[in-house]
Amino acid sequence: MVPPTGFTAQLTVFSAAAMAFLAVFALALSLAAGRLADRWTSELARSATVRISAPQGQIEAQTRAALGVLQTTPGIASVRVLDKDEQQALLTPWIGQGLPLDVLPLPQLIEVVGDETGYDSEGLRQRLAAEAPGARLDDHARWREPLVRAAGRLRDLGLLSILLITLTTAAMIVLAAHAALAANAQVIRVLRLIGAQDSFIVHAFVRRFTARAVAGATLGTGLGMLAVLLLPDAPETAGGLAAGIGFRGWGWLWPLAVPLLAGFVAFWATRLAALRSLKELS
Amino acid sequence: MVPPTGFTAQLTVFSAAAMAFLAVFALALSLAAGRLADRWTSELARSATVRISAPQGQIEAQTRAALGVLQTTPGIASVRVLDKDEQQALLTPWIGQGLPLDVLPLPQLIEVVGDETGYDSEGLRQRLAAEAPGARLDDHARWREPLVRAAGRLRDLGLLSILLITLTTAAMIVLAAHAALAANAQVIRVLRLIGAQDSFIVHAFVRRFTARAVAGATLGTGLGMLAVLLLPDAPETAGGLAAGIGFRGWGWLWPLAVPLLAGFVAFWATRLAALRSLKELS
Amino acid sequence: MIGLENVSYGYGDGELLSGITLDLSPGSFHFLTGPSGSGKTTFLKLCYMELVPTAGHVRAFGRDVREMDRDDIARARRRIGIVHQDCQFLDHLSIAENIALPLAVGGRAGPDDAENLDALLGWVGLGNRAGALPPELSGGERQRAALARAVIMSPDVILADEPTGNVDWEMSKRLLSLLAELNRMGKAILVATHDLNLIRAAKTKVNARVLRISDRRLQLAGADL
Amino acid sequence: MIGLENVSYGYGDGELLSGITLDLSPGSFHFLTGPSGSGKTTFLKLCYMELVPTAGHVRAFGRDVREMDRDDIARARRRIGIVHQDCQFLDHLSIAENIALPLAVGGRAGPDDAENLDALLGWVGLGNRAGALPPELSGGERQRAALARAVIMSPDVILADEPTGNVDWEMSKRLLSLLAELNRMGKAILVATHDLNLIRAAKTKVNARVLRISDRRLQLAGADL
Ligand SMILES: Nc1ncnc2c1ncn2[C@@H]1O[C@H](COP(=O)(O)OP(=O)(O)OP(=O)(O)O)[C@@H](O)[C@H]1O
Ligand SMILES: Nc1ncnc2c1ncn2[C@@H]1O[C@H](COP(=O)(O)OP(=O)(O)OP(=O)(O)O)[C@@H](O)[C@H]1O
Ligand SMILES: [Mg+2]
Ligand SMILES: [Mg+2]
C-alpha cells in the first residue's frame, strides 16, 4: 500500500545511513579517548618513585621501613629497590659518566608500580613520613594530571558528539517520516475512505519505515566500521590516541546499537506521525 | 508559487541546521587539535639541552665553542648557560640535597630555545661533535614525537569529520531538495501548463530553497558557535587539548563558511533537480 | 440502513444544509440533484461519515455516528461503496489492484476474487486496461474504475457522486443498469448527479425517487421530470 | 492558429489516433466528441503541445512543434487557454490567485486586472468564493474556476476538456454563452464533451462544427445531432 520508492524513501534511508556513519565515528573516537584516559591514568599513576635520603648509616634501615610500608599498602603491585648501576644510568644525562658514584652519599631509589585499582598516594605519603622520615614519594602527579584531564575532556567531547549525533539522527528520522507521510497523504486518505482501520494503515507505514531506517542505519554502521577499520594504524606508542582509534574486542559490539536505536526512533516517529495525520481525517 | 511551509521545507531547514551545528563542532575540534599539534611541536622542539662533560680544565673552552656553534645556528632564539644552582635544582630529585655539588666534576648544561622555524638538530649535532667533542645535544625527541604524532592524527580526524559532515550535509540538502520538488510536482506541472518558462519555475524554487538552506545553516552555525563558546573552559595547562576547544581570533570567521557552503550546495542541487524534473514535462 | 434525522451542516460561515431528514432503506434508489455548489457532495460526506453534522443525527446501520469510534466508522465504511466526485486512487498501484483494494483492506480477499474482478472490469469496459496505472487512464475510465471499486465488496449501500460526469451516454446507461441490478438485489443506492437524462432513463428501470437540494433543504422533486 | 496535419499518436502499444488533419482558425468553434477512452484528451494534449505526435505535423501559430524549444512552447501556451479535465490548481493559493496565475507567470499583471478578475469571478458564479482554497470548492466550482483561468489572458485559442462535466444545466448554458461571446471576438474554440445537449444548445448560438473520434479517426458529425 505504501509506495516503495520515491525521494522521501531515499531520504529516510540516506539520512539514517549518514548519521549512523557519523555516530560510529564519534563512538570510535570517544571509546579511544576513554581508553587513552584510562591508559594515561593508570600507567602514570602506576609508576612512582620513593627517594630515601638520609645519613649513610640510616639509609638501609629506612629503606627497609619504607619497603614494609609499601608492601602493606593496598593497590601496589610491585616494589623494587634500584641498584647502583640503575641509579647511575638515571643520573648520567645530568652529571655525565666520569663521576665516582660509589663514593657519593647518593639517596636510595625505590620503584613503585601500582596495580589496576591504584593506591591512595596521600595516605601513603603520610605513612612513609611516619615510618621512614627520609623517604619522599614522587608520583609524577604534576606530569600526569593535565594529560589525564585532556584525555577525559576528549572523551567528554566524544560523548557530547554522540549525544548530538543521536539527537540529530532522531530528529532527522522523525522529519523524514513526517515528510514521507505528508507525501503519502493521498494514500492515507484513500485507505481510510475505503474502510481501512487506523491500525492497518499505521502498521503498513510503520513496518516500511522502520525497515528503511534500520536498513539505512545498518548500511551506515557497516560503512563506518569499515572506515574505522581502514584508518591507517599508527604505531602503539606513547602518544597513543591515534593508535587507539578503532574498536577493541567487545567494543565492536557498541556500534551495533546504532541500527537498533535508529529502528526504535523510526518506529515511534512513524507511529506517532501516522496517528496524528490520521486524526485529521474522520 | 512555492508552498511556504510543509514538512519538506522544515526538513531542509532542519537538516541544514543540524549539519551546520555538527560541522561547527568538528571545525572547533579540528582547529583545536591543529593548535595543540603546533604547540606541542614548537614548545617541545624549541627547548633542548646541551650537556658538556669533559675533564675539568676543558669544560670552559668547550662551553665557549659550543656556544659559538649554537649562536651561529639558524633557528635558535636563545642560548643560556645554566649556573650551579639551577643544575643543583635539577639534580635534587635524584641525589638529594646533602651532596657537595661544588666539589663534583659536574657537566655543564646549556639551555637551547629554538624559534618558530626550528633548527636542524642532526646538523647541529654534527657541528657540535666537531667543535666541542664533549657536547651532547638532547632535544627530547623521544618524548616529543609521539605527542606530536597524536595531535597530528587528531587534527586529521577533525578534518576527516569535517569532510564527512560536509559531504553528508551536501547529500542531505540534495535529497531534501529532491523530496521537496517531488512533493511539489503538481505545482511545477501546473505552472508549466499555464505557460511558465523553465527559468521562471527554476528561479522560484531555487530562491526559496537556497534561502531555506542558508537560514537553516546560519541557525545551526549560530547555535554551534554558542555551544562552543559555552563549553566549560578548562585551565590552560599542559594537556591543553580541551582548553583549546573553541575558536581564537580570526578562527571565529571559519564557521561562517558553513552557511555559504550550504547555500551553494542548495542552489545547485535545487537548480539541477528542478531542471531535471522539468525535462520530464513537455 | 443510513438515516439522517433533522441534520444540519455548515463549513463554518453559515449553514449549507439544514433540517434534512432521509432514510436510505434496503432496496431504495435515490437520485440527488441540485445546482453546482448546493451541497450534494457535502450531503454524501455526511452519509459516509467524513463529516459530522453540526445539528441532528446521522445513523449508520443502527448506530449514531457521534457514538461510533474510528474503528467502528472504518468497519461501517466497508459496508458502503463510494464513488467520489474526484476519483481517488493509489497512483502507484495498477487499476486492478486499486479496484481490489477494499478486499485487501477488509481482510476479505478470497479465492474467487480474481474471477469476480475480471467480470467487474469487463462490465465497466476496463478489461484491457487492468494493468494500467490510474494516471494513465482517461477521465471516464477513472470514473468507471471508481464505480467498480465501490461495488466490489458487494456493499449494502452505494453512494455515487457524479459517476457519469465524464462518461458518454452509452456507458452511462450501462453503468446505470449495473446500479439498477444491484438495487434489485436489495442494496440502497444514492446517486448525486446533474444529468437529468440519466434520471429519466433510470425511471424506466427502477423505482427511483429524485431529491433536490434547494434553499439548503432537501425536497422531493417528482413529476416535473 | 493551431493546425494538425496527418497526425498520429499512440501511447506505445498501437496507435490511438491516426491520420488526423484539422485547422483551428480564428473565429472557429469546434466540438469534439467520442466515446470514453477514444482519445479526446489525447487530441487536446497534442494541440497544447504536451504530447508530440508520433507521425505528422502539429503547427502552433505558424511554427512546427518539433522545431520549437521549451521556451517557445511556454510562450505559445500563453496564447492558448486550457481547461483540463481534472482541473489542476495550486492548492496553497486562493482561487482568485489561481485564476490570476497566468498573468503573473506571463509577466502581464497590470492595474486593471483586479477589476477584470472580479468581473470574471462574477461571471462564473464564484464571486463569494474568491478567497477559498481549491480543495474547499465543489467539483462544479473547480471546473468554473478552471474556465476562468483559461480565459483570463484573453488567449487566441481556447481548448476545454469536458468543461461542464460537473456543472448543472443552467450553469452549462451560462458557460457556453461566455465561450460563444469569446468566439464572436475571433477566438478559436475547441470543446471536448460528451454532452449532446450542450452541443445542441450551442448550435443555436454559434456556427459550431462537431467532430467525432471514432475508429481512431476524426470525422465530421453533422446532421445527426
Ligand atoms: N472544505 C470546505 N470548506 C469550506 N467550504 C467548502 C468546503 N467544501 C465545500 N465547500 C463549499 O460548500 C458548498 C457545497 O459544496 P459541495 O461540494 O457539497 O457542492 P456540490 O453540490 O457537490 O457541487 P457540485 O455539483 O459542483 O459538485 C460549495 O459552495 C463549496 O465551496
Ligand atoms: N499516459 C498514458 N499512458 C498510456 N495510456 C494512456 C495514457 N493516457 C491515456 N491513455 C489511454 O489512451 C486512451 C485515450 O485516453 P484519453 O484520455 O485521450 O481519452 P478521452 O477520449 O479523453 O476519454 P474520456 O472521455 O474518458 O476522458 C485511453 O484508453 C487511456 O487509457
Ligand atoms: Mg459535488
Ligand atoms: Mg478525456
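Just so it is clear: chains get the letters A, B, ... in the order the sequence lines come, proteins before strands, and each one is counted from 1.
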- Atom of A/Ala196, atom of C/Ala74 and distance for their closest heavy-atom approach: O-CB, 3.7 Å

- Spacing of C/Ile73 atom CD1 and A/Leu281 atom CG [to the nearest 0.5 Å]: 11.5 Å

- Item | Engaged part of A/Leu193 at the chain C interface, taking heavy atoms whose separation is under 4.5 Å | both

- dist A/Asn184:CG -> C/Leu90:CG (nearest 0.5 Å) comes out at 9.0 Å

- Message: Contact between A/Leu191 and C/Leu101 at the side-chain level, heavy atoms closer than 4.5 Å - yes or no?
- Response: yes

- Under 4.5 Å from any heavy atom of chain C - which part of A/Arg192: both

- Donor-acceptor contact below 3.5 Å, side chain C/Arg78 vs main chain A/Gly195: yes

- Shortest non-hydrogen contact from C/Val105 toward A/Phe200: CG2-CE2, 3.8 Å

- Query: Between C/Ile80 and chain A, which part of the residue has a heavy atom less than 4.5 Å away: side chain, backbone, both or neither?
  - Reply: neither

- Supply the atom-to-atom distance C/Arg77 CZ to A/Gln197 CD, rounded to the nearest 0.5 angstrom. 11.5 Å

- Please say whether more than 12 non-hydrogen atoms of neighbouring residues, nucleotides or ligands are located less than 6.0 Å from CZ in C/Phe61. yes

- Given that the side chain runs from C-beta out, which part of C/Arg149 has a heavy atom under 4.5 Å from chain A: side chain, backbone, both or neither? side chain

- Who wins among C/Arg70, C/Glu50, C/Arg75, C/Met49 for the most heavy-atom pairs under 4.5 Å with chain A? C/Arg70

- Query: Heavy-atom distance under 4.5 Å to chain A: side chain of C/Phe89, backbone, both or neither?
  - Reply: backbone

